[in-house]
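Structure first, then comments.
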Amino acid sequence: MSKLQPVRGTHDIYGDDARRMRHVVETFARVASTYGFEELATPIFEFTEVFKRPLGEASDIVSKEMYSFRDRGDEELTLRPEFTAGVARAFISGGMQQSTPCRFMSWGPVFRYERPQKGRYRQFHQLNAECLGPSDPATDVDMIALGYRTLMELGVAGDVVLNLNTLGDPDSRNAYRSALVEYFSDHRDALSEDSQRRLLTNPLRILDSKIEGDQAIVVGAPKLSGYLNDQSRDFFRTVTNGLERAGVPFVHNERLVRGLDYYTHTAFEFITEILGAQGTVIGGGRYDGLIKKLGGPPVAGVGWAGGIERLAMMLAETPTAVRPVFFLPMGDAALLEGFKICEELRGAGITVIADRTGNISKRMNRANKASARAALILGDDELSAGTIMVKNLDSGDQQQISIDGLAKHLKAQG
RNA sequence: GCGGGUGUAGCUCAGUUGGUUAGAGUGCCAGAUUGUGAUUCUGGAUGUCGCGGGUUCAAGUCCCGUCACUCGCCCCA
């Protein structure tokens with residue numbers, strides 16, 4: 001490392017990027033509030049066990065992708081690779097089963113040790129929504145609608161397709177899994193090396209293989225929908241009917257699966273074509289087995305996470321920063337009086353930047369570069385008259401305004 | 001972890017079959033203009049050519065290694 005540079009896969013976020021990401025978070029927080037969600041901020045690290053237990057010791061995620069470390073107290077800790085486990089842990093820690101349903105919204109950094117790509121970083125940021133308690137399919141509809149509305153408010157819904165599937169209840173899921181393993185085992189020699197390995201580790205993922213030879217075999221594979229029991233079928237029908245009634249368009253994608261077995265019923269991803277290989281901008285589903293697996297009560301849950309960087313990249317426009325007013329004092333008396341004037345303006349909600357150095361030409365130049373909407377020039381003449389020169393930087397017009405009425409004047413101008 | 005592409009000024013990039021002091025645009029700084037911005041004019045500064053090694057009389061240019069970025073694979077919570 002010959003230069004000071006950020007750790008691989010991490011970024012300093014500022015300027016346009018920061019504004020775009022902030023817009024994504026603020027939009028989500030506003031939309032989720034209208035569904036009754038409240039913020040839950042969990043720590044960005046937990047005991048490693050919190051993430052390890054639901055995922056399984058041997059999974060790639062645990063062995064390869066977690067940022068784990070031992071602290072000075074000899075505790076095994078891990079930077080969160082996702083929100084759900086931490087939220088579930090908080091639910092258990094706080095004894096919240098007394099107050100279900102719990103609707104939680106969260107956002108912030110998450111960490112995965114992966115090779116960076118477009119839209120995939122080692123430290124990145126997610127939006128997260130979880131609803132804990134309800135096991136009825138109507139909740140799934142609400143959660144998906146929340147995702148869709150967030151995308152609409154961001155103006156990106158038109159570039160995203162909701163892929164929806166059901167994994168069924170545990171019985172249906174296990175029956176399908178067995179059938180799938182049986183089918184693929186019969187075609188084992190024709191499968192790619194990767195998929196032969198998946199047959200042992202995660203057979204459902206073979207459905208998703210990008211290799212042509214695999215796809216030819218997948219076409220003839222048993223369909224999950226053929227293995228759903230009546231209860232699972234009804235559950236899914238209620239979800240799809242509800243989405244249609246709510247006006248949320250979707251496609252039924254039978255190849256959309258989840259590897260881990262605490263997932264049940266609904267699985268969904270909002271996918272875009274415009275971000276390259278990392279096309280999922282929101283992904284989630286129902287995880288009725290998770291909280292119990294973590295050591296808590298048997299409480300159902302459904303949730304999703306959205307990639308803030310990916311959503312920010314999709315925005316058509318960068319939100320503009322607030323246009324400040326520039327305050328330019330000329331001379332010591334004006335500089336001193338300016339402290340009072342600026343504070344009063346800020347108290348009135350006006351963004352004020354005081355530029356006190358250099359000649360006025362230079363300061364006007366800086367005001368212009370900062371996209372200031374007005375320049376306030378205060379010199380000895382104005383001080384003695386109790387006024388201030390207000391120059392509108394869009395029109396170029398300027399006029400003397402009484403200092404007493406300054407805040408009102410600036411607010412009227414917008 | 002695996003494979004492809006790319007690293008030259010703050011930014012975007014040029015740089016000939018290896019050749020002497022590495023350029024342009026833009027941005028930045030100063031002046032024309034010490035109470036008035038965007039245009040204009042004049043002047044100015046800025047590079048370990050990603051880093052390390054090798055070949056050569058000579059390397060930004062060729063070779064090897066390494067780091068970073070980027071696109072994809074794997075995996076995906």
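Values below: every heavy atom of this structure, side chains too, minus hydrogens, waters and symmetry copies.
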- request: Examine distances only and state if a side-chain atom of A:Ser232 and a backbone atom of A:Asp169 form a donor-acceptor pair shorter than 3.5 Å.
  value: yes
[atom1] atoms of [N] and [M], separation to the nearest Å:
{"N": "B:G52", "M": "B:A9", "atom1": "P", "result": "16 Å"}
{"N": "B:G4", "M": "B:A14", "atom1": "P", "result": "23 Å"}
{"N": "B:A45", "M": "B:U39", "atom1": "P", "result": "23 Å"}
{"N": "B:G35", "M": "B:G23", "atom1": "P", "result": "41 Å"}
{"N": "B:C73", "M": "B:U16", "atom1": "C1'", "result": "38 Å"}
{"N": "B:U55", "M": "B:U17", "atom1": "P", "result": "25 Å"}
{"N": "B:G50", "M": "B:U61", "atom1": "C1'", "result": "16 Å"}
{"N": "B:G15", "M": "B:G25", "atom1": "C1'", "result": "15 Å"}

Proximity to the side chain of [X] - top-ranked nucleotide from [options]:
{"X": "A:Lys362", "options": "B:A30, B:A77, B:C28", "answer": "B:A30"}
{"X": "A:Tyr263", "options": "B:C28, B:A68, B:A77", "answer": "B:A77"}
{"X": "A:Arg115", "options": "B:G3, B:A38, B:G35", "answer": "B:G3"}
{"X": "A:Leu393", "options": "B:C73, B:G35, B:G37", "answer": "B:G37"}
{"X": "A:Ile377", "options": "B:A38, B:C75, B:G35", "answer": "B:G35"}
{"X": "A:Gln117", "options": "B:C75, B:G37, B:C73", "answer": "B:C73"}

Return yes when atom [atom1] of [X] has more than 12 non-hydrogen atoms of other residues, nucleotides or ligands closer than 6.0 Å, and no otherwise.
{"X": "A:Phe45", "atom1": "CZ", "result": "no"}
{"X": "A:Phe69", "atom1": "CZ", "result": "yes"}
{"X": "A:Asp394", "atom1": "CG", "result": "yes"}
{"X": "A:Gln400", "atom1": "CD", "result": "yes"}
{"X": "A:Asp332", "atom1": "CG", "result": "no"}

- prompt: Taking the six-membered ring where the residue is Trp, are the ring centres of A:Tyr148 and A:Trp304 under 6.0 Å apart?
  reply: no
Distance-only donor-acceptor test, [X] side-chain atoms vs [N] base atoms, 3.5 Å:
{"X": "A:Glu382", "N": "B:G35", "result": "yes"}
{"X": "A:Asn368", "N": "B:G37", "result": "yes"}
{"X": "A:Arg120", "N": "B:C75", "result": "yes"}
{"X": "A:Gln398", "N": "B:U36", "result": "yes"}

Just the rounded figure in Å: distance from [atom2] of [N] to [atom1] of [X].
{"X": "A:Glu82", "N": "B:A77", "atom1": "CD", "atom2": "P", "answer": "9 Å"}
{"X": "A:Lys369", "N": "B:U36", "atom1": "NZ", "atom2": "C1'", "answer": "15 Å"}
{"X": "A:Ile388", "N": "B:U36", "atom1": "CD1", "atom2": "P", "answer": "17 Å"}
{"X": "A:Phe326", "N": "B:A38", "atom1": "CZ", "atom2": "P", "answer": "14 Å"}
{"X": "A:Arg323", "N": "B:G37", "atom1": "CZ", "atom2": "P", "answer": "17 Å"}
{"X": "A:Asn392", "N": "B:U36", "atom1": "CG", "atom2": "C1'", "answer": "14 Å"}
{"X": "A:Ile44", "N": "B:A77", "atom1": "CD1", "atom2": "P", "answer": "22 Å"}
{"X": "A:Arg286", "N": "B:A77", "atom1": "CZ", "atom2": "C1'", "answer": "18 Å"}

Classify the nucleic acid contact of [X] as base, sugar-phosphate or nothing, counting any heavy atom under 4.0 Å across all strands shown.
{"X": "A:Asp394", "result": "base"}
{"X": "A:Gly283", "result": "nothing"}
{"X": "A:Asn128", "result": "nothing"}
{"X": "A:Lys118", "result": "sugar-phosphate"}
{"X": "A:Gly284", "result": "nothing"}

message: Can you tell whether the side chains of A:Arg346 and A:Glu343 come within less than 4.0 Å, N to carboxylate O?
response: yes
message: I want to check one thing: is the phosphate of B:C76, taken as OP1 and OP2, less than 4.0 Å away from some side-chain N or O of A:Arg205?
response: yes
field: Residue closer to the 5' end of RNA chain B, A:Ser361 versus A:Glu269 (nearest nucleotide)
entry: A:Ser361
statement: The residue, A:Val7 or A:Tyr262, whose nearest nucleotide of RNA chain B is more 5′ is A:Val7
- request: Please say whether the positively charged group of A:Arg120, taken as NZ for Lys or CZ for Arg, lies over the ring of A:Phe124, i.e. under 6.0 angstrom from the six-membered ring centre and within 45 degrees of the axis.
  value: no
- prompt: List RNA chain B stems (3 or more consecutive Watson-Crick/G-U pairs, under 3.5 Å)?
  reply: B:1-7 with B:67-73, B:10-13 with B:23-26, B:28-32 with B:40-44, B:50-54 with B:62-66
- request: Would you please classify the geometry between the A:Tyr35 ring and the A:Phe37 ring as parallel, tilted or perpendicular, with 30° and 60° separating the classes?
  value: perpendicular
